[in-house]
Amino acid sequence: MRIIPSQCLSFLQTAEGCVLHSYNDTAGLPTIGTGHLIKPPESFPGPITQAEADDLLRKDLAEAAAAVDRLVTAPINDNQYSALVSLTFNIGKGGLLSSSLLAYINSGGTDPEIIAADFGKWNKDRDKATGQLVPVRGLTLRRAAEAALYNQPEVATDATAFA
């Protein structure tokens with residue numbers, strides 16, 4: 001598996017935030033830590049520590065990264081990888097697999113506007129009152145940030161890269 005870049009971890013911690021007690025996310029799903037969905041038989045009757053939240057995030061990130069590693073066949077840089085791992089962390093591997101974004105990237109597509117539009121398609125959540133999918137401001141902003149990260153050229157930080 002590819003090493004998860006530090007910017008991916010930072011991006012996700014900012015996008016998700018961290019809550020050390022269980023709560024229901026915007027979709028009404030039980031969540032704790034940095035966006036960790038609580039699935040049976042897991043149980044968190046009390047608060048967790050930051051170290052426990054970080055461990056859950058590493059586990060969840062490893063699952064999202066493994067999906068990106070397996071599903072993306074085109075060469076991508078660390079910024080692109082980080083953006084796709086963040087997206088997959090949020091929409092799941094099934095979401096990535098069914099996305100027009102994945103198909104476009106794997107076909108060699110690189111147009112930044114198409115990339116941004118395809119990220120932007122994943123900005124909806126189910127309205128609790130109506131059951132309809134509706135745009136969510138936070139998801140719209142997150143998808144725009146992921147698209148910007150994906151489309152940002154990678155800057156060489158190693159001095160030998162300039163030799």
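Because the structure is a prediction, the values reported are computed rather than measured. Here, residue 1 is the first one in the sequence, and each next residue gets the next number.
- Looking at S99, its side chain does come within 3.5 Å of a backbone N or O of L96 through a donor-acceptor pair.
- Interatomic distance, OG of S100 versus CG of L102, reported as 9.5 Å (0.5 Å rounding).
- Connection of L61 to L149 is not established within any shared hydrophobic cluster, with ILVMFWY side chains joined at heavy-atom distances below 4.5 Å, either directly or through further cluster members.
- A116 and N151 make their closest contact through N-ND2, 4.3 Å (heavy atoms, listed as atom of the first residue, atom of the second, distance).
- Inter-residue side-chain proximity for P30 and N24 is flagged as met; some heavy-atom pair is nearer than 4.5 Å.
- With hydrogens and angles ignored, the 3.5 Å screen pairs a side-chain donor or acceptor of E42 with a backbone N or O of K39.
- A distance of 10.5 Å separates CG in L84 from CG in D69, rounded to the nearest 0.5 Å.
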Go through the steps for L20 and T49 under the test side-chain contact (heavy atoms from CB on, under 4.5 Å), then give the verdict.
CA-CA 6 Å; L20 299 177; T49 65; over 6 Å; no
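- The side-chain heavy atoms of K121 and L101, taken from C-beta on, include no pair separated by under 4.5 Å.
- Taking CZ of R142 as the start and CZ of F11 as the end, the distance is 6.5 Å to the nearest 0.5 Å.
- The backbone N or O of Q152 lies less than 3.5 Å from a partner atom in the side chain of N79, making a donor-acceptor pair.
- Checked against side-chain hydrogen bond (donor to acceptor under 3.5 Å, both in side chains), S6 has no partners two or more places apart in sequence or in another chain.
- The list of salt bridge (charged side-chain N to carboxylate O under 4.0 Å, His left out) pairs with a residue in residues 93-110, not counting sequence neighbours, is empty.
- The distance from atom SG of C8 to atom CD1 of I3, rounded to the nearest 0.5 Å, is 13.0 Å.
- The salt bridge (charged side-chain N to carboxylate O under 4.0 Å, His left out) pairs that include a residue from residues 45-59 are D55-R58, where partners are two or more places apart or lie in different chains.
- Heavy atoms only, all atoms of each residue included: D127 and T130 are closest at OD1-N, 2.8 Å.
- F44 and H36 have perpendicular rings, their planes meeting at more than 60° on a 0 to 90° scale where under 30° would count as parallel.
- Results of the side chain to side chain contact (heavy atoms under 4.5 Å, CB included) test with L9 over T14, V85, L57, T34 single out L57 as the only residue that passes.
- At a threshold of 4.5 Å between side-chain heavy atoms, the hydrophobic network of Ile, Leu, Val, Met, Phe, Trp and Tyr places L71 and F119 in one connected group.
- Annotation: side-chain hydrogen bond (donor to acceptor under 3.5 Å, both in side chains) contacts of T140 (sequence neighbours excluded): N123.
- Screening residues 2-11 for salt bridge (charged side-chain N to carboxylate O under 4.0 Å, His left out) gives R2-D78 as the qualifying pairs, with residues at least two apart or on separate chains.
- Between Y81 and V72 the shortest side-chain heavy-atom distance does not fall below 4.5 Å.
- Of the possible donor and acceptor atoms, none in the side chain of R126 sits under 3.5 Å from a partner among the backbone N and O of G28.
- The hydrophobic cluster containing L29 does not contain Y23, counting ILVMFWY residues as joined when their side-chain heavy atoms lie under 4.5 angstrom apart, directly or transitively.
- For F89 against G35, the heavy-atom pair with the smallest separation is CZ-O, 4.0 Å.
- Remark: T88 OG1 to L97 CG distance equals 10.0 Å, nearest 0.5 Å.
- Scanning all heavy atoms of the two residues, the minimum distance from G33 to A53 falls at CA-CB, 4.0 Å.
- Counting only heavy atoms from C-beta outward, the side chains of L37 and D60 never approach each other to under 4.5 Å.
- Linking ILVMFWY residues whenever their side-chain heavy atoms come closer than 4.5 Å, directly or via other members, places V68 and I91 in the same cluster.
- Of the possible donor and acceptor atoms, one in the side chain of N106 sits under 3.5 Å from a partner among the backbone N and O of T73.
- Rounding to the nearest 0.5 angstrom, the gap separating the NZ atom in K124 from the CZ atom in R143 is 11.0 Å.
- In this structure, D118 contributes its side chain and A147 its backbone to no donor-acceptor pair below 3.5 Å.
- Scanning for side-chain contact (heavy atoms from CB on, under 4.5 Å) contacts around S43 gives P45, with sequence neighbours left out.
- Smallest separation of non-hydrogen atoms from S86 and E146: OG-OE2, 2.6 Å.
- For W122 against L87, the heavy-atom pair with the smallest separation is CB-CD1, 4.1 Å.
- Between I48 and L56, some side-chain heavy-atom pair lies under the 4.5 Å cut-off.
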